[in-house]
Student: 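Got a structure for you, written out below as structure tokens; questions coming shortly.
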Amino acid sequence: MLIHIYFFCRISRSVLTLYPLYKIGCTIINRRNGVFNLAKVYVFDHPLIQHKLTYIREVQTGTKEFRELVDEVATLMAFEITRDMPLEEIEIETPVTRAKSKVLSGKKLGIIPILRAGIGMVDGILKLIPAAKVGHIGLYRDPKTLKPVEYYVKLPSDVEERDFIVVDPMLATGGSAIEAINSLKTRGGKHIKFMCLIAAPEGVEALKEAHPDVDIYIAALDEKLNEKGYIVPGLGDAGDRLFGTK
Ligand code: PRP
Ligand code: URA
């Protein structure tokens with residue numbers, strides 16, 4: 001039965017219709033690797049991530065604590081997202097003997113925060129991958145149309161040789177993530193993952209549709225968008241909460 005649910009999840013294209021199903025499917029898949037899988041959408045359910053996310057959402061949480069928690073969750077998510085990094089075997093000498101042991105095989109990584117709020121996740125990822133290069137894509141969401149407006153792009157010079165993680169705490173309508181990934185691909189980016197704290201089903205669906213080659217990593221999949229395009233229950237305006245504006 002669970003195998004059938006898992007198989008159904010993998011072949012279906014709609015997150016919206018499957019929302020109740022992935023909860024059922026999560027237990028088996030979760031035992032395997034700490035995340036559960038809905039096609040190319042991974043929702044993290046690690047207790048530490050969920051605990052910290054609760055306080056990130058909480059309206060009473062002030063800027064300092066909000067920033068620290070976003071940083072911590074980004075580190076925890078980076079630990080999972082790098083699970084498929086390639087390894088190679090080298091020979092080393094321990095105090096006891098010579099031995100074969102594994103190291104990362106030198107794959108080049110780039111982190112691309114979507115400005116502003118994506119900046120809050122960068123240091124948390126760099127703690128685990130200090131050699132990664134950081135590019136920036138500046139977008140803001142027009143409050144009336146909710147469409148993204150690009151105002152800045154600066155990427156590592158060797159874009160074509162790197163694997164990228166595009167980061168933003170919020171995936172709401174999906175417009176900003178889609179536009180940022182368009183921008184990265186136009187400049188030669190090929191192997192791209194997208195990582196966010198909170199997503200709305202509408203944004204996940206739009207991003208999957210626009211960029212089916214991009215795996216999406218989410219700490220929590222929320223219920224819906226409200227009439228102003230905010231995620232419900234969400235955390236409010238991520239940029240304002242992170243930088244203390246408004
Ligand atoms: C927020 C958030 C995302 C975007 C998500 O940024 O950080 O980038 O909204 O919404 P979408 O999925 O509907 O595009 P915002 O536009 O508020 O800019 P800011 O980070 O500069 O505050
Ligand atoms: N951007 C945010 O910062 N929060 C939302 O809920 C939606 C878009």
Side-chain angles (χ1 to χ4, degrees), residues 26 29-37 41-85 104 107 109-139 163-172 176-177 180 192-200 203-204 207 214-223 230-246:
C26 71
I29 304 160
N30 191 33
R31 272 198 208 116
R32 201 181 59 198
N33 60 7
V35 298
F36 60 91
N37 185 341
V41 180
Y42 300 84
V43 183
F44 294 84
D45 68 346
H46 193 288
L48 285 176
I49 295 179
Q50 294 310 311
H51 174 85
K52 289 174 193 296
L53 203 52
T54 298
Y55 293 100
I56 287 174
R57 290 179 187 277
E58 172 66 63
V59 69
Q60 307 284 3
T61 302
T63 305
K64 177 178 177 290
E65 201 187 345
F66 185 90
R67 219 178 267 153
E68 289 167 356
L69 287 164
V70 168
D71 179 77
E72 288 168 15
V73 171
T75 306
L76 293 169
M77 291 183 79
F79 181 74
E80 285 293 354
I81 208 174
T82 49
R83 190 174 279 281
D84 61 355
M85 280 175 107
L104 293 171
K107 192 104 185 127
L109 263 181
I111 304 165
I112 311 286
I114 301 178
L115 308 182
R116 286 178 300 169
I119 291 174
M121 299 171 74
V122 173
D123 284 351
I125 303 172
L126 286 175
K127 275 181 201 141
L128 296 189
I129 321 167
K133 293 263 168 73
V134 181
H136 296 85
I137 297 183
L139 293 169
D163 287 358
F164 286 99
I165 308 173
V166 175
V167 298
D168 191 322
M170 310 305 275
L171 180 66
S176 303
I192 303 167
K193 293 175 175 175
F194 179 79
M195 173 173 142
C196 68
L197 300 189
I198 299 181
V204 174
L207 182 52
V214 173
D215 287 357
I216 306 169
Y217 296 81
I218 302 168
L221 182 59
D222 276 12
E223 280 168 43
Y230 276 82
I231 300 175
V232 180
L235 54 73
D237 187 304
D240 283 341
R241 295 202 60 193
L242 199 58
F243 296 108
T245 44
K246 221 175 212 174

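Nothing fancy with the numbering, it's 1 onward along the sequence. These numbers come from a predicted model, not from an experiment.
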Student: Within the structure provided, determine whether Leu171 and Phe194 are in side-chain contact (heavy-atom separation under 4.5 Å).
Tutor: yes
Student: Nearest 0.5 angstrom please: Thr75 OG1 to Leu48 CG, how far?
Tutor: 11.5 Å
Student: Ignoring hydrogens and angles, tell me if any N or O in the side chain of Arg241 forms a donor-acceptor pair with the backbone of Thr63 under 3.5 Å.
Tutor: no
Student: Can you measure from CD1 (Ile125) to CD1 (Ile111) and round to the nearest 0.5 angstrom?
Tutor: 5.0 Å
Student: Do the side chains of Val166 and Ile114 get nearer than 4.5 Å, heavy atoms only?
Tutor: yes
Student: Shortest non-hydrogen contact from Ala74 to Met195?
Tutor: O-CE, 3.6 Å
Student: Are any of the side-chain heavy atoms of Glu223 and Pro233 separated by less than 4.5 Å?
Tutor: yes
Student: First locate atom CD of Glu68, then atom CG of Asp123, and finally report the distance between them rounded to the nearest 0.5 Å.
Tutor: 12.5 Å
Student: Hey, could you give me the CG/CG distance between Asp84 and Asp215, rounded to the nearest 0.5 Å?
Tutor: 8.0 Å
Student: Got a donor-acceptor contact below 3.5 angstrom from the Asp168 side chain to the Cys196 backbone?
Tutor: no
Student: What's the separation between atom CG in Asp45 and atom CD1 in Ile218, rounded to the nearest 0.5 Å?
Tutor: 12.5 Å
Student: Enter the distance from Leu235:CG to Asp222:CG here, rounded to the nearest 0.5 Å.
Tutor: 8.5 Å
Student: Run through Leu69, Ile49, Val73 and flag the one making a side chain to side chain contact (heavy atoms under 4.5 Å, CB included) with Leu197.
Tutor: Val73
Student: Within the distance-only criterion (no hydrogens, no angle test), does the side chain of Glu72 pair as donor or acceptor with the backbone N or O of Arg67 below 3.5 angstrom?
Tutor: no
Student: Please confirm whether the backbone N or O of Arg57 pairs with a side-chain atom of Thr61, one donor and one acceptor, at under 3.5 Å?
Tutor: no
Student: Step by step, would you call Thr54 with His51 a side-chain contact (heavy atoms from CB on, under 4.5 Å)?
Tutor: CA-CA 5 Å; Thr54 298; His51 174 85; 5.8 Å; no
Student: Do the rings of Tyr217 and Phe44 sit parallel, tilted or perpendicular, given the 30° and 60° boundaries?
Tutor: tilted
Student: Can you establish whether the number of heavy atoms outside Lys193 located under 6.0 Å from its atom NZ is more than 12?
Tutor: yes
Student: Are Arg116 and Asp240 within salt-bridge range, i.e. N to O under 4.0 Å?
Tutor: yes
Student: Are any non-hydrogen side-chain atoms of Leu221 and Val204 less than 4.5 angstrom apart?
Tutor: yes
Student: Are there over 12 heavy-atom neighbours, none belonging to Phe79, within less than 6.0 Å of that residue's CZ?
Tutor: no
